[in-house]
There are 2 protein chains.
Amino acid sequence: MLKLTKKADYGLMALKFLAEHPERPALSAKDVADAYGIPAQLLAKILQQLTKSGLLRSTAGMNGGYALAREARSISAYEVILAIDGPFFITSCSKGKTGCELTTNCTIKEPLARVNETIAGVLKSISIQDLAEHEPPAARERNARELVALTL
Amino acid sequence: MLKLTKKADYGLMALKFLAEHPERPALSAKDVADAYGIPAQLLAKILQQLTKSGLLRSTAGMNGGYALAREARSISAYEVILAIDGPFFITSCSKGKTGCELTTNCTIKEPLARVNETIAGVLKSISIQDLAEHEPPAARERNARELVALTL
DNA sequence: TAGTATACGACCGTTTCTGTCGGAATTACA
DNA sequence: TGTAATTCCGACAGAAACGGTCGTATACTA
């Protein structure tokens, strides 16, 4: 628990890989899959999801493939995870509207919701560019104060 | 994904409940389960885990039950989650020692490891006491600077 | 010794995750 | 025009995790 799915991992890796090869107009799912030893068909589906979410643009046919739809700097890890795994809530009860059905006073939800936002904030502060560069530098200092505001 | 298991939720609720009733020397698993509508036997197992981890102390027999082993203020949500769900890594690949087997250059792991530590830091900053009080106050300002240091 | 409670292991049904298969539509190029 | 490369899409199967139950043993109190 509290773990990214492999799909999300794969998706992040793939986007990172694309960000590292801006010279190529497009890379096929197989190219990326081979580079990382990821099951090709599975990665294909993941990239399709990312395309539908607008993070990638795709071209079919020969020499087709995928490329980043926006600048690597402007795509956050949060968006990727959201696109692949859907919205996440740290509490297992909050299903959106109804909230906790079982319990009238599930008061733990409220503080944990804040944790949730913190996590989201951190993930939003990390861009694909940051992943591509080994020592992620910029996103750090930049968001320090925001993050504190979010968390506390 | 990125979600606490129900077990962890239940565990947190139970500890919160115990923290709210310091006058009672011990509360049985059934007492707590009834209070929240949690399956009694399931909660019992969870409380046993928490006991083995040293967060609770238990007494068998009549008028027995569970009580906090330490002050509510000194038990963090992190410890509870750790005791119930085991150690968590946000990346699905890192299994501890070997790291990423598949990939030679799974460079996404390194930035995400930092996210992982951030989450852990936030969870460590929340105590059972904070959960018991509705508007969790103290842990906030207190850890602001630490947290930033951790995250960024 | 009877009743209440924890302790512990086995088990099972459901869901989620991971991965595969098959086929259709699209594009480039010879 | 035909072929190969490639995205696109749904269905499905195996595996793992999760949630919950059952039975039984053990410990404590009155």
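Side-chain atoms are counted along with the backbone in the values below, which use heavy atoms only and exclude waters and symmetry mates. Chain letters run A, B, ... following the sequence lines, proteins first and then strands; every chain starts at 1. Everything quoted here is computed from the prediction, not taken from an experiment.
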Please list, chain by chain and in numerical order, all residues satisfying side-chain hydrogen bond (donor to acceptor under 3.5 Å, both in side chains) with [X], sequence neighbours excluded.
X: A/Asp34; answer: A/Lys30
X: A/Thr51; answer: none
X: A/Ser28; answer: A/Asp31
X: A/Gln49; answer: none

Sorted by chain and number, sequence neighbours left out, side-chain contact (heavy atoms from CB on, under 4.5 Å) with B/Ala44 holds for B/Ala29, B/Gln48
Taking only residues two or more places apart in sequence or in another chain, which ones pass salt bridge (Lys or Arg N to Asp or Glu O under 4.0 Å) with [X]?
X: B/Arg57; result: none
X: A/Lys52; result: none
X: B/Asp85; result: none

Sorted by chain and residue number, the ring pair (Phe, Tyr, Trp, His ring centres under 6.0 Å) partners of B/Tyr78 (sequence neighbours excluded) come out as none
Ordered by number, residues from residues 53-62 of chain B within less than 4.0 Å of DNA chain C (heavy atoms) are B/Ser58, B/Thr59, B/Ala60, B/Gly61, B/Met62
Contact check, residues 25-33 of chain B vs DNA chain D, heavy-atom distance under 4.0 Å, returns none
Expected list for residues 40-51 of chain A near DNA chain D, using heavy atoms below 4.0 Å, is A/Lys45, A/Gln48
